[in-house]
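Convention: sequence-line order gives letters A, B, ...; per-chain numbering from 1. Remember, predicted model here, so these are calculated numbers, not experimental data.
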Amino acid sequence: MNTNYINGQPLIQVTDLVKSFGELDALGGVSTDIYEGDVVFVVGPSGSGKSTFLRCLNRLEEPTGGKILFEGIDITDPKTDIDKHRQKMGMVFQQFNLFPHMTIMKNLTIGPMKLQDKSKEEAETEAMRLLERVGLADRANAYPSQLSGGQKQRIAIVRALCMKPDVMLFDEPTSALDPEMVGEVLSVMRDLAEEKMTMVVVTHEMAFAKEVANRVLFMAEGKIVEENAPKEFFEHPKTDRLQNFLSKVL
Amino acid sequence: MNNFIDAFYLNFIKDERWKYITGGLKTTLTVTFFAVIMGIVLGFLVGVIRSTYDKTGKLKILNALCNVYLTIIRGTPVVVQLLITYFVIFGSVNINKVVVAVIAFGVNSGAYVAEIIRSGIMSVDNGQFEAGRSIGFTYGQTMIHIILPQAFKNVLPALANEFIVLLKETSVAGYIALEDLTKGGDIIRSRTFNAFMPLIGVAIIYLLMVMIFSYFVKCLERRLRNSEH
């Protein structure tokens with residue numbers, strides 16, 4: 001972890017984040033703090049900017065305005081070496097995005113070996129340990145095309161974990177899965193949350209958000225409309241927008 | 001039948017005329033081989049530059065240069081390019097014609113390879129780029145470790161086809177009096193005043209080379225398809 005980063009300060013501090021695609025404002029000034037060990041769920045209707053918000057956090061999407069401090073460093077500054085910081089921000093995609101031309105083991109070890117100077121043995125031992133935890137140790141030499149969707153997503157989570165990130169970003173991790181495979185992915189995420197991994201999760205799984213989150217953000221039209229602890233959030237929504245949204249999805 | 005044997009003797013055996021064919025074949029293969037290598041190197045560079053511009057908007061000037069190169073090469077006949085290379089660019093220097101041919105055909109092929117490579121890179125899902133970048137790879141590392149291996153596999157058939165085209169295209173090397181396979185056959189024709197035997201012979205040799213090469217490509221394609229990874 002970065003030495004400039006002082007304990008007690010937010011791990012990620014987002015100030016007035018703006019993202020426009022041409023005329024369209026996807027994010028219209030979002031501010032929030034994410035602390036170490038936080039499990040923040042972001043929910044909202046499609047087109048509300050929640051995925052854009054998440055993708056701005058590791059600059060897969062370039063913000064057009066505002067500031068993001070990660071471990072005390074302004075990563076929106078063009079001079080910041082974003083590749084360095086991305087190693088500390090694991091990301092899990094809706095479409096898994098495993099590398100199809102590599103075995104599972106290679107998928108997991110290429111990052112640590114090329115970017116963190118880990119030896120093959122070191123990287124493989126760590127990968128194996130994590131594979132065992134998600135129950136996929138026997139698939140180490142398979143290729144992604146030989147796995148089910150749920151297995152792919154669990155591997156994708158492990159791939160991010162192999163880099164030993166300080167925060168995990170989940171972009172609708174279960175939306176592309178067959179219903180019977182959602183559970184296995186959620187259970188891996190639940191374990192992570194219990195181990196105090198800092199997580200930001202964009203999802204439509206409301207029940208899961210209620211169970212695992214310590215904070216839920218509701219976004220609409222590029223802004224955070226309401227945020228609260230999950231119990232309050234789901235049982236006593238304050239704004240009409242959220243009441244309306246919850247009445248449709250619950 | 002005797003006529004055929006006589007004609008064969010006259011065109012290929014007498015005065016060691018077969019040497020025009022073997023010597024020409026050697027030249028054709030040499031030119032093709034080195035032009036293919038040059039085409040791949042050039043094509044890779046240009047293809048990567050162009051797709052980097054397409055994806056990120058960077059390398060604007062290099063991309064513009066590449067566009068000029070592609071427009072000129074693809075907009076003019078290869079014979080004209082060969083003549084210009086020999087008589088204009090290297091007009092005042094004493095240079096081996098094989099080298100001239102390699103450069104002309106290599107530069108020509110590079111333009112087509114570049115577009116093949118670019119289409120291959122663009123065909124790889126953007127999620128692969130994002131996954132690579134999200135792990136912490138730079139753009140270049142993502143390209144080398146993740147995108148290019150997949151792109152290359154996708155375009156292998158198209159690349160092989162381009163090399164078959166190139167092999168046949170070198171037959172115009174005679175325009176700069178380079179004695180390739182075609183020219184060799186044509187020299188025999190001018191000596192023996194017999195067109196059928198040497199020209200059909202040359203055609204059969206080209207055909208055989210292309211068929212053999214196509215066979216290997218087919219094997220390779222089948223192997224790639226079977227190992228769907």
Side-chain angles (χ1 to χ4, degrees), chain A residues 51 54-55 57-62 81-104 106-116 141-147 152 155-171 176, chain B residues 40 44 47-48 51-60 116-160 219-229:
Chain A
S51 274
L54 190 79
R55 290 160 56 81
L57 290 182
N58 67 351
R59 266 178 60 193
L60 276 188
E61 219 70 78
E62 285 292 341
D81 179 8
I82 187 66
D83 298 318
K84 202 85 208 148
H85 296 287
R86 280 201 187 117
Q87 294 184 29
K88 295 277 133 206
M89 308 174 109
M91 181 137 188
V92 176
F93 300 87
Q94 184 178 350
Q95 297 294 343
F96 331 127
N97 296 342
L98 296 179
F99 307 134
H101 59 300
M102 301 175 184
T103 62
I104 298 309
K106 193 87 202 297
N107 263 278
L108 303 182
T109 54
I110 185 168
M113 282 169 64
K114 303 272 179 206
L115 296 169
Q116 299 178 335
N141 294 315
Y143 282 86
S145 59
Q146 298 165 308
L147 302 185
K152 282 184 201 170
I155 296 294
I157 294 172
V158 170
R159 179 174 67 182
L161 290 175
C162 278
M163 297 296 288
K164 301 220 180 307
D166 295 334
V167 59
M168 287 283 285
L169 311 175
F170 293 85
D171 190 2
Chain B
I40 291 182
F44 246 92
V48 169
S51 38
T52 298
Y53 176 78
D54 286 352
K55 279 189 178 293
T56 67
K58 287 175 186 161
L59 306 178
K60 211 169 186 164
I116 292 171
I117 299 282
R118 187 173 72 104
S119 75
I121 291 171
M122 299 313 270
S123 75
V124 176
D125 183 64
N126 202 43
Q128 292 288 312
F129 258 102
E130 294 190 341
R133 298 306 302 271
S134 79
I135 289 175
F137 284 122
T138 62
Y139 181 86
Q141 287 171 321
T142 307
M143 209 46 155
I144 290 166
H145 298 305
I146 292 153
I147 306 303
L148 285 178
Q150 296 181 57
F152 191 70
K153 194 190 132 182
N154 290 349
V155 299
L156 205 78
L159 274 183
C219 289
L220 194 63
E221 265 181 69
R222 200 176 308 134
R223 261 190 62 186
L224 284 175
R225 208 175 13 218
N226 287 344
S227 66
E228 247 315 301
H229 334 114

Checklist line | Stepwise side chain to side chain contact (heavy atoms under 4.5 Å, CB included) check, F137(B) with D83(A) | finding: CA-CA 6 Å; F137(B) 284 122; D83(A) 298 318; over 6 Å; no
Identify all side-chain donor-acceptor contacts of residues 140-150 of chain B below 3.5 Å with residues at least two apart in sequence or on another chain.
unit_1	atom_1	unit_2	atom_2	d
Q141(B)	OE1	T138(B)	N	2.9
Q141(B)	OE1	T138(B)	OG1	3.4
T142(B)	OG1	T138(B)	O	2.7
Q150(B)	NE2	H101(A)	ND1	3.4
Q150(B)	NE2	Q128(B)	OE1	3.0
Q150(B)	NE2	I146(B)	O	3.0

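Considering all non-hydrogen atoms of both residues, A131(B) and F99(A) come closest at CB-CE2, 3.8 Å.
In this structure, the portion of M163(A) lying under 4.5 Å from any heavy atom of chain B is its side chain and not its backbone. Only the backbone of L98(A) comes within contact range of chain B, with heavy atoms under 4.5 Å apart.
Counting heavy-atom neighbours within 6.0 Å of K55(B) NZ, excluding the residue itself, gives a total above 12.
Looking at heavy atoms from C-beta onward, I135(B) lies out of side-chain contact with M91(A) at the 4.5 angstrom threshold. The shortest distance between side-chain heavy atoms of R59(A) and R133(B) does not fall below 4.5 Å.
Of the listed residues V92(A), N58(A), L60(A), the one with more heavy-atom pairs under 4.5 angstrom with chain B than any other is L60(A).
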